[in-house]
Number of protein chains: 2
Amino acid sequence: MVVTIKDIAEKVGVSVTTISRVLNNRGYLSDSLKKKVSEAMEEMNYQPNEVARSLLRKKSHIIGLILPDISHPFFGEVTKHIEAFAYDQGYKLMLCNSLHHKKKEKEYIDLLRASRVDGIIMGSHTMSVKDYMSINLPLVTLDRQISKSIPFIASDNYQGGVLATQLLLRKKCRKIAYLSGNLRLSLLAKQRHDAFLEQVSGQDAQFQFIVKQTDLNGFKYKEYEKLVSGLFQEHPDLDGVFASSDMLALQVLKQCRRLGKAVPDQVKVIGYDGISVGDAEDLTTIVQPIKMMGELAVRYLLLQIAGEQVPLETILPVRLSEKATT
Amino acid sequence: MVVTIKDIAEKVGVSVTTISRVLNNRGYLSDSLKKKVSEAMEEMNYQPNEVARSLLRKKSHIIGLILPDISHPFFGEVTKHIEAFAYDQGYKLMLCNSLHHKKKEKEYIDLLRASRVDGIIMGSHTMSVKDYMSINLPLVTLDRQISKSIPFIASDNYQGGVLATQLLLRKKCRKIAYLSGNLRLSLLAKQRHDAFLEQVSGQDAQFQFIVKQTDLNGFKYKEYEKLVSGLFQEHPDLDGVFASSDMLALQVLKQCRRLGKAVPDQVKVIGYDGISVGDAEDLTTIVQPIKMMGELAVRYLLLQIAGEQVPLETILPVRLSEKATT
DNA sequence: GTGAAAGCGCTAACAA
DNA sequence: TTGTTAGCGCTTTCAC
């Protein structure tokens, strides 16, 4: 069986209370006792049972992280920072992929509540606002806005849209496509779209633009591929593409290679996110401050757990990173 | 306060035992009672406290996953499958990034033991074999072999090395580089290297090959970049590159673009892993059965948790996926 | 300085 | 069918 505090107590010849005191370093303890207890713990390979502690303290030091899909590089990178920061603060991470399924997301929320996690970072959003309001647990949403009353962390999507579009215009693109996932899914991505529309609206009569979106929820790269190849079939004269994610932009580059279109000479491509795989292609993109987003999500969650107030809306700056594709 | 079984019991007017029975569907219970209890739970938004249950049952239904870095696409993808399969089996996932740090890995193992996870999937390996042996918890290693006595799941790295090298040879490459991360870090990646050496050893005197490896442990893409640019500087006449990961291969493609080397005409490039971002570049690669690796890791871990025997060595087949870079 | 006892929320004998 | 009781491993009064 696993070693408990009781075993240690017996071995050392004191009560469990004393052991607990040593464990938590509370009250007056003689150094010799401390040492004896530590040695016994070492010797018996004792690990305090966090489950019992959690039960008593009503605090698990676990935070739940609900994402659409950890295999998507953006979420992989943000998760890396969330994990690192949470770890520094003494918190563990329970990882949940909703895969964009409402049912799974709902079940995971129940699971997390049942597991008495201390709070949840939501990077997925498939349920109704009412459902989230009733979670009744410290909550932060990441790269999503669920409701004005739930703190959210995001980057400046509108500004990102402006920067990207302006770059293409500056580069004299005359027929630009805006590509995105499902706009209904994300209020924030919609801002990039809005920014795009606003920027292109002032152009002359010869200027053209196209907006294309996938209607599915997943990150199906095969679908991306279809979307992009369809785009070039319909509009072989495109000379600029603003893709609302780097992964989408990579598909655009791929199609360009296949069709023999020179990038950036014939077609200029800009992505969005600033993930490392984009960098591996010298992709021009709008860089989100991924690390800061992850850290702030954790920070604001822990503040809430501690009973503090946090800002309801946090918009972080983005920047243009111009590489080889424009 | 949070609702407990006792609150429900009082509300319905029965004992806590009865509520527990309804919860676990044990013993004989009248339908009317079941309904009354369910309604009360619904109404009070009750969630059974898994922490208390875990304490009693000595089973948390949590598995720990220790990885070097979740933001690396290979681990992101395998984690996605691990999560999905674990979820289907009623298990939650605690995510731990070691970042290749021995200290952090060690601390995480202690944390996981303290949290009473039911088992650990190890995708990281920085400690000594002895340390792992003393974990004393069901364990599976993924894409790593720590010891002959700890079950491990991997793909056929030797065969992958053979397939990749043979392809380059078949394509008449006359000067091939093998690029890899730190070989000392992974016995398995070393097999790809060995396979490479064996395949090229039978070539005629004019044939040349180079082996280059990064000596750091992290997945630093900047380092990859340096490695690759150095490679081409020293060996401008290279006509084939076998990169031991797709992420490395992407860096090779990038350098080729920068240097104006045509792929595959002047240089043929093959990667390793079969991650989606490679697919987004039409990269020729050796595809590891990532989904199956993740599933088997979970399956074998759960079998161990259930007290069953599992194979100590599981080698899954790889396949060549030839795309545009060869 | 140290220990006995109660209790966190739940389940599992054992009774009734 | 249902309830009483004990106890999972730990911490925390309250005594001594």
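Lettering follows sequence order; numbering is per chain, from 1. In this text, all values refer to a predicted model and were calculated from it rather than measured experimentally.
- Across every non-hydrogen atom of A:K104 and A:S98, the tightest pair is CB-O, 3.8 Å.
- Among residues at least two apart or in separate chains, ring pair (Phe, Tyr, Trp, His ring centres under 6.0 Å) pairs with a member in residues 44-69 of chain B are B:H61-B:Y91.
- Pairs of residues two or more places apart, or lying in two chains, that qualify as salt bridge (charged side-chain N to carboxylate O under 4.0 Å, His left out) and include a residue from residues 17-46 of chain A are A:K11-A:E43.
- Residue pairs meeting the salt bridge (charged side-chain N to carboxylate O under 4.0 Å, His left out) criterion with at least one member in residues 113-130 of chain A, sequence neighbours excluded, are A:K59-A:D118.
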Mind listing the side-chain donor-acceptor pairs of residues 303-313 of chain B below 3.5 Å, one per line with the distance, residues two or more places apart or on another chain?
{"residue": "B:Q304", "atom": "NE2", "partner": "B:L139", "partner atom": "O", "Å": "2.7"}

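- Every residue two or more places apart in sequence or in another chain that forms a salt bridge (Lys or Arg N to Asp or Glu O under 4.0 Å) with A:K80 is listed here: B:D69.
- Between the two ends of the helix from C:dG1-D:dC16 to C:dA16-D:dT1, each summarised by a five-pair axis, the helix axis turns through 40° (rounded to 10 degrees).
- Where DNA chain D meets chain B (any atom under 4.0 Å from a heavy atom), the bounding nucleotides read 5' to 3' are D:dT1 to D:dG9.
- Partners of B:E50 under the salt bridge (Lys or Arg N to Asp or Glu O under 4.0 Å) rule, at least two apart in sequence or in another chain, are B:R53.
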Show me the donor-acceptor pairs within less than 3.5 Å that the side chains of residues 12-19 of chain B make with the rest of the protein, sequence neighbours left out.
{"residue": "B:S15", "atom": "OG", "partner": "B:T17", "partner atom": "N", "Å": "3.3"}
{"residue": "B:S15", "atom": "OG", "partner": "B:T18", "partner atom": "N", "Å": "3.4"}
{"residue": "B:S15", "atom": "OG", "partner": "B:T18", "partner atom": "OG1", "Å": "3.3"}

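- Applying the salt bridge (Lys or Arg N to Asp or Glu O under 4.0 Å) rule to A:E107 yields the partners A:K103; only residues at least two apart in sequence or on another chain are considered.
- A:V51 comes within contact range of no nucleotide atom at all, as no heavy-atom separation falls under 4.0 Å.
- Shown here are the salt bridge (Lys or Arg N to Asp or Glu O under 4.0 Å) partners of B:D7, two or more places apart in sequence or in another chain: there are none.
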Contact state string [nucleotides 9-16 of chain C, B base, S sugar-phosphate only, - no protein heavy atom under 4.0 Å]: BBBBBB--

